[in-house]
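When a residue number appears, it is its place in the shown sequence, counting from 1.
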Amino acid sequence: MYKRQLLITALVFGVSGAFAQDLTSKKGEPILPETDDWAISFDATPIFQYVGNAFNGNLNNGAPSVGFLNGTNQTIVGKQFIDEKNAYRVLVRLPFTNQTYKNNVADNSITTPPTFPTPPSEVEDKFKSKNTNIGIGVGKEMRRGKTRLQGFYGADAMIWISMTGSKYEYGNTMSATTGTGTTSTPTSTTWNANGTVANEGNLGSRTLSSKSGMLFGIGVRGFIGAEYFIFPKISIGAEYGWGIGFQTQGK
């Protein structure tokens with residue numbers, strides 16, 4: 001019988017140099033992956049950046065920015081070792097963002113200026129932005145090396161889907177006619193895509209919502225990397241990849 005074990009691989013940076021090493025721990029645990037082991041790989045850049053910032057006054061310490069599948073975009077790689085030198089890979093990316101931005105503008109329903117020290121009346125405009133990016137892939141990984149330092153290479157095939165949408169809410173009502181407390185050109189916010197205010201003014205037309213067409217893509221990539229096992233079944237390493245893909249987007 002064999003024992004299934006879980007490996008954790010943090011993709012951060014490469015380590016060079018190899019020496020004669022004992023490939024078991026003091027407790028007799030194997031250091032390197034074995035047949036039917038499982039592994040999880042993820043980008044640990046934020047962890048190293050946090051640790052670096054914790055030990056000095058510089059809040060902008062950079063960490064090694066090594067990633068895969070277009071960089072650090074919440075991709076996790078799962079592996080199953082079919083033997084000590086080969087593994088199947090499954091890649092999953094599920095980043096979602098849902099952000100709301102707010103800005104106060106003058107209340108057009110108030111026609112009498114306030115008396116000091118009463119502040120002017122305001123209403124709230126909102127901009128809500130949603131983004132969805134789903135990616136999945138499968139691949140094969142081959143490994144080389146007889147020490148704690150292991151090299152690996154292989155290929156992945158992937159598909160991905162992406163969608164974005166925006167909604168806008170305005171505090172001032174837009175009316176077809178202008179009268180007491182109503183106007184056809186209310187004070188409104190114009191937003192930049194990143195949520196900052198582009199302009200405030202009297203607008204005769206306003207966007208209520210927008211939605212991108214669904215983007216669908218397929219691709220293949222080759223990768224190469226190295227990892228160093230610092231503890232039994234736990235390593236740090238780096239992976240670099242290059243590939244080709246095709247994607248199409250609806251209206």
- request: Kindly give the heavy-atom pair with the smallest separation between Lys85 and Lys146, and that separation in Å.
  value: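 Minimum heavy-atom separation between Lys85 and Lys146: NZ-N, 4.5 Å.
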
Show me the donor-acceptor pairs, under 3.5 Å and distance only, between side chains in residues 242-251 and residues at least two apart or in other chains.
residue: Gln247; atom: OE1; partner: Trp160; partner atom: NE1; Å: 3.1
residue: Gln249; atom: NE2; partner: Gly213; partner atom: O; Å: 3.2

message: If you define the side chain from C-beta out and look only at heavy atoms, does anything of Leu208 sit under 4.5 Å from Lys167?
response: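 Sidechains of Lys167 and Leu208: no contact.
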
- prompt: Side chain of Asn86, backbone of Asp83: donor and acceptor closer than 3.5 Å?
  reply: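 No; zero donor-acceptor contacts below 3.5 Å.
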
- request: Verify side chain to side chain contact (heavy atoms under 4.5 Å, CB included) between Glu227 and Arg143, making sure each step is shown before the conclusion.
  value: CA-CA 10 Å; Glu227 56 186 359; Arg143 307 175 70 84; 2.2 Å; yes

message: Any heavy-atom pair between the side chains of Ile40 and Trp38 that's under 4.5 Å?
response: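 Trp38 does not reach Ile40 side chain to side chain.
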
query: Is it true that a side-chain atom of Asn194 and a backbone atom of Thr196 form a donor plus acceptor pair closer than 3.5 Å?
result: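 Answer holds: yes.
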
query: Residues in ring pair (Phe, Tyr, Trp, His ring centres under 6.0 Å) with Tyr170, at least two apart?
result: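 Scan of Tyr170 (ring pair (Phe, Tyr, Trp, His ring centres under 6.0 Å), adjacent residues dropped) gives none.
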
- prompt: In the hydrophobic clustering that connects Ile, Leu, Val, Met, Phe, Trp and Tyr at side-chain heavy-atom distances below 4.5 Å, which members other than Tyr153 occupy its cluster, ordered by chain and number?
  reply: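 Once heavy-atom contacts under 4.5 Å are chained together, Tyr153 belongs with Met142, Ile224.
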
field: Side-chain donor-acceptor contact under 3.5 Å, Asn133 with Ser162
entry: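 Judged by distance alone, the side chains do pair up.
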
Salt bridge (Lys or Arg N to Asp or Glu O under 4.0 Å) partners for Asp156, two or more places apart: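 Result, salt bridge (Lys or Arg N to Asp or Glu O under 4.0 Å) vs Asp156: Arg89, Arg221.
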
query: Side chains of Lys79 and Glu141: closer than 4.5 Å at any heavy-atom pair?
result: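 Result yes, sub-4.5 Å side-chain heavy-atom pair found.
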
message: Distance alone, cut at 3.5 Å: any donor-acceptor contact between the side chains of Asn172 and Thr187?
response: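 Side-chain D/A pair, Asn172 to Thr187: absent.
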
- prompt: Side chains of Ser166 and Ser210: closer than 4.5 Å at any heavy-atom pair?
  reply: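 Touching, per the 4.5 Å side-chain cut-off.
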
- request: Report yes if some heavy atom in the side chain of Thr189 is under 4.5 Å from a heavy atom in the side chain of Trp191; otherwise report no.
  value: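 Contact flag for Thr189/Trp191 side chains = yes.
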
- request: Check whether any side-chain heavy atom of Ile82 sits under 4.5 Å from a side-chain heavy atom of Lys140, and report yes or no.
  value: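 Result yes, sub-4.5 Å side-chain heavy-atom pair found.
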
task: Would you tell me whether Ser121 and Asp107 have side-chain atoms, one donor and one acceptor, within less than 3.5 Å of each other?
output: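 Yes, side-chain donor-acceptor contact under 3.5 Å.
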
message: Parallel, tilted or perpendicular: which one describes the rings of Phe127 and Tyr168, with boundaries at 30° and 60°?
response: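 The arrangement is parallel - the two ring planes meet at less than 30°.
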
query: Side chains of Asn131 and Thr164: is there a donor and an acceptor less than 3.5 Å apart?
result: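 Not at all, the side chains of Asn131 and Thr164 share no donor-acceptor pair under 3.5 Å.
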
message: So that I can tick it off, tell me whether Lys233 and Glu29 are bridged by a salt bridge, with the cut-off set at under 4.0 angstrom between side-chain N and carboxylate O.
response: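 Salt bridge: no.
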
- prompt: For Glu169, what residues pass the salt bridge (Lys or Arg N to Asp or Glu O under 4.0 Å) criterion, not counting sequence neighbours?
  reply: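 Lys128.
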
- request: Work out which heavy atom in Ala226 is nearest to a heavy atom in Phe152; give both atom names and the distance.
  value: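 Result for this residue pair: N-CE2, 3.4 Å.
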
query: Is any side-chain heavy atom of Ser25 less than 4.5 Å from a side-chain heavy atom of Phe231?
result: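 A side-chain contact is absent here, since even the closest heavy-atom pair is not under 4.5 Å.
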
- prompt: Val197 and Asn103: which non-hydrogen atoms are nearest, and at how many Å?
  reply: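 That closest heavy-atom pairing would be CG2-CG, 3.8 Å.
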
Side-chain donor or acceptor of Asp125 paired with backbone N/O of Ser188 under 3.5 Å: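 No; judged by distance alone, with no hydrogens or angles, the pair does not exist.
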
- prompt: Which residues, ordered by chain and number, are linked to Val105 in its hydrophobic cluster, where ILVMFWY side chains connect at heavy-atom gaps below 4.5 Å, directly or through other members?
  reply: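 Result for Val105 is Val123.
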
query: Is there a side-chain contact between Gln150 and Leu32, using heavy atoms and a 4.5 Å cut-off?
result: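 In short, these two side chains touch, coming nearer than 4.5 Å.
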
message: Set out, in order, the CA-CA distance, both residues' side-chain angles and the distance that settles side chain to side chain contact (heavy atoms under 4.5 Å, CB included) for Thr185 and Leu203, then state yes or no.
response: CA-CA 5 Å; Thr185 56; Leu203 303 181; over 6 Å; no

